[in-house]
Q: 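Questions regarding the structure given below will be posed in turn.
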Amino acid sequence: NAGVTQTPKFQVLKTGQSMTLQCAQDMNHEYMSWYRQDPGMGLRLIHYSVGAGITDQGEVPNGYNVSRSTTEDFPLRLLSAAPSQTSVYFCASSYGPRDEQFFGPGTRLTVL
Amino acid sequence: GNSVTQMEGPVTLSEEAFLTINCTYTATGYPSLFWYVQYPGEGLQLLLKATKADDKGSNKGFEATYRKETTSFHLEKGSVQVSDSAVYFCAPKLWSGGYNKLIFGAGTRLAVHP
């Protein structure tokens, strides 16, 4: 049982480049979320999914796309990276809406 | 709207000192309450939780009690260790926008010195 896994751990992009941050969980959780963590701001919700085929926006969705074709995977896509997207990104999952969220180890992204 | 306010850090303590990290929240309902901990270079881990008023969550010597009347969930530990050095996040889980979601505080960095 690997829990929540994220790849890559580190990434450097140039402004305008695109990339996909991968997230997978093997706990059969329906709920999955993406957060970004910036200094002094805690974690902010980018997008979330309540099950395969269902996604919705969080607090800071602009510049990011998601899809959920399977229960296990929830990739986050940056279409055209900007320096303001430099952050640490965490994926999380939970079984139900009031249950504990399990977090992945994070991806540290730098956009130059 | 829904929000959470945490004590600003950093908090610097000597080993075996008593720890309190204050957390208050505003919410329209009765959220579940969580404390998460983030050790250096790692993701967030659940430290403890409480799901209804007067519940006490506890783990690894840490405790927090769900105080509905003061909308607070302060984190305490009687005797901290160097290994407790980390960032601590208070996070109510609220119904918002059709989804139960965690609202994170800004985090409180704790540094414990021998």
Side-chain angles (χ1 to χ4, degrees), chain A residues 2-10 21 23-25 27 29-51 54-61 66 68 74 87-108, chain B residues 1-10 21 23-25 27 29-52 55 57-59 64 66 73 86-109:
Chain A
V4 181
T5 58
Q6 290 183 240
T7 56
K9 287 190 185 300
F10 301 95
L21 279 63
C23 173
Q25 52 88 13
M27 297 174 281
H29 286 171
E30 290 294 328
Y31 289 74
M32 297 186 74
S33 309
W34 275 103
Y35 295 87
R36 58 178 289 173
Q37 183 179 33
D38 301 295
M41 300 186 75
L43 278 75
R44 293 181 292 169
L45 182 66
I46 304 172
H47 285 285
Y48 64 93
S49 169
V50 299
I54 307 170
T55 64
D56 208 343
Q57 297 181 350
E59 305 165 66
V60 289
V66 292
R68 184 96 179 272
F74 191 42
S87 188
V88 182
Y89 291 85
F90 289 100
C91 179
S93 72
S94 65
Y95 184 73
R98 291 185 71 84
D99 296 316
E100 169 193 355
Q101 285 198 325
F102 291 83
F103 284 81
T107 294
R108 184 175 294 276
Chain B
N2 300 317
S3 66
V4 55
T5 302
Q6 259 185 258
M7 187 168 136
E8 279 193 35
I21 300 178
C23 171
T24 57
Y25 62 91
Y30 298 101
S32 297
L33 302 174
F34 298 82
W35 275 100
Y36 281 83
V37 58
Q38 185 178 26
Y39 298 103
E42 298 184 12
L44 278 73
Q45 303 172 27
L46 178 68
L47 180 60
L48 53 83
K49 68 179 181 182
T51 57
K52 62 182 188 297
D55 267 3
S58 61
N59 185 26
Y66 191 141
F73 194 51
V87 182
Y88 293 82
F89 293 93
C90 181
K93 200 167 195 184
L94 304 165
W95 182 263
S96 178
Y99 175 61
N100 268 304
K101 62 183 181 184
L102 286 168
I103 309 293
F104 282 91
T108 302
R109 183 176 298 279

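Protein chains get the first letters and strands the later ones, always in sequence-line order, with residue 1 at the start of each.
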Q: Quick one: do A:Phe103 and B:Glu42 satisfy side chain to side chain contact (heavy atoms under 4.5 Å, CB included)? Show the steps, please.
A: CA-CA 10 Å; A:Phe103 284 81; B:Glu42 298 184 12; over 6 Å; no

Q: Should we count CZ of A:Arg44 as having more than 12 external heavy atoms under 6.0 Å?
A: yes

Q: Minimum heavy-atom separation for A:Asp99 and B:Lys93, please, with both atom names.
A: O-NZ, 2.6 Å

Q: Can you check whether B:Leu102 reaches A:Tyr35 side chain to side chain, under 4.5 Å on heavy atoms?
A: yes

Q: Measure B:Gln38 against the heavy atoms of chain A and call it side chain, backbone, both or neither at under 4.5 Å.
A: side chain

Q: Just so I know, are the side chains of A:Leu45 and B:Ile103 near enough to count as touching, which here means a heavy-atom distance under 4.5 Å?
A: no

Q: Determine, stepwise, if the pair A:Gln101 / B:Phe34 fulfils side chain to side chain contact (heavy atoms under 4.5 Å, CB included).
A: CA-CA 10 Å; A:Gln101 285 198 325; B:Phe34 298 82; over 6 Å; no

Q: Say you draw a straight line from CD of A:Glu59 to CZ of B:Phe104; how long is it, rounded to the nearest 0.5 Å?
A: 10.0 Å

Q: Does a sphere of radius 6.0 Å around OH in A:Tyr95 hold more than 12 heavy atoms from other residues, nucleotides or ligands, not counting ones at 6.0 Å or beyond?
A: no

Q: Considering only heavy atoms, which portion of A:Gln6 lies under 4.5 Å from any heavy atom of chain B: side chain, backbone, both, or neither?
A: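 The answer is neither part of A:Gln6.
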
Q: Could you tell me whether B:Gln45 atom CD has more than 12 heavy atoms of other residues or ligands within 6.0 Å of it?
A: yes

